[in-house]
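Reading through the structure tokens given below for one structure.
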Amino acid sequence: MFLNEKERSPAVRKARRSVILGGVLLVMVGSLTACTAASIEQERKVYTREAAAEGNFRAKQQGHGLNGTLARELTAGFAAKNIKLMNNMFEDDREGGMSYMYLLNGSARHIVKVHIYRDADTRTAQMEEMYGERKDNAVLENVMGRTTIRSKGHVSFVYTASGGEKDMYEQDVLQVFQHVLDEIKEEGHAVKLNKGSKRE
């Protein structure tokens with residue numbers, strides 16, 4: 001049988017209030033602890049520069065930041081030639097470099113890669129390691145296809161065409177590569193493009 005409020009003793013009412021108040025305090029302390037732990041983690045990331053590194057990584061992944069202008073100019077150059085850069089993939093080499101890979105109009109037979117390194121010497125060494133070529137401009141051909149390399153400073157563009165369609169986009173790709181490379185000016189690790197660039 002339940003007793004109404006008037007029939008309960010003052011001790012029972014006091015105990016009930018204490019239990020409710022204790023529960024509320026427990027929830028508040030739990031929430032505060034969770035907020036404090038999250039705040040401490042965020043502060044740790046700020047002081048160890050991890051937060052900046054995470055932000056830069058996300059910006060590079062999304063084509064923003066230092067490399068964003070280059071990516072947008074490249075995309076616009078190809079769009080002017082009615083070529084879509086599709087299936088964008090990227091890789092961070094964890095040493096200050098980024099590589100992007102695109103399929104031209106979605107075809108796996110036509111691949112454009114953009115390699116951006118921290119300096120020209122690193123770019124030259126990496127290009128030699130990957131392609132066996134140190135020169136800024138090179139064409140490598142074998143039974144599988146043709147790979148064309150165009151570089152300037154710490155940036156390299158690589159176009160690989162395979163199968164029976166090797167010449168399908170080559171002229172347009174090389175024109176876009178040359179236009180974007182002509183616009184690059186080196187400023188530290190940043191890839192900057194000259195103002196007022198005009199596409200062919």
Open item on the list: Just checking M144: does its CE atom have more than 12 heavy atoms from other residues, nucleotides or ligands closer to it than 6.0 angstrom?
Closed with: no
Task: Any residue meeting salt bridge (charged side-chain N to carboxylate O under 4.0 Å, His left out) with R146, in chain and number order, not counting sequence neighbours - done: E141, D167, E170
- [ ] Quick one: list whatever passes salt bridge (charged side-chain N to carboxylate O under 4.0 Å, His left out) with R123, sequence neighbours left out.
- [x] D136
Side chains of [X] and [Y]: closer than 4.5 Å at any heavy-atom pair?
X	Y	answer
V112	F177	yes
L85	L74	yes
L174	Q178	no
Y131	T147	yes
Y169	V176	no
V114	Y102	yes
H179	D182	no

Task: Side chain D172, main chain Q175, donor-acceptor under 3.5 Å - done: no
Open item on the list: Donor-acceptor check, side chain of T122 to backbone of R118, threshold 3.5 angstrom: yes or no?
Closed with: no
Using every non-hydrogen atom in the two residues, find where [X] and [Y] come nearest and quote the distance to one decimal.
X	Y	value
A125	R134	CA-NH1, 4.4 Å
A138	E133	CB-CG, 3.3 Å
S156	S151	OG-OG, 2.5 Å
N105	M86	C-SD, 3.4 Å

With rounding to the nearest 0.5 angstrom, report the [atom1] to [atom2] distance, [X] to [Y].
X	Y	atom1	atom2	value
N87	S107	CG	OG	10.0 Å
K135	M127	NZ	CE	13.0 Å
T124	D119	OG1	CG	8.5 Å
Q126	S99	CD	OG	8.5 Å
M168	L104	CE	CG	9.5 Å
Y117	M98	OH	CE	11.5 Å

TODO: For the pair I149 and F157, evaluate side-chain contact (heavy atoms from CB on, under 4.5 Å) and give the outcome as yes or no after the intermediate values.
DONE: CA-CA 6 Å; I149 301 169; F157 295 136; over 6 Å; no
Single-linkage hydrophobic cluster [X]~[Y], side-chain heavy atoms < 4.5 angstrom:
X	Y	value
I116	F90	yes
F78	L181	yes
V139	V158	no

Task: side chain to side chain donor-acceptor pair (under 3.5 Å), paired with Y159, selected from H110, R150, K113 - done: H110
TODO: Would you sort out whether L70 and V180 count as a side-chain contact (heavy atoms from CB on, under 4.5 Å), showing the intermediate values?
DONE: CA-CA 8 Å; L70 178 77; V180 176; 3.4 Å; yes
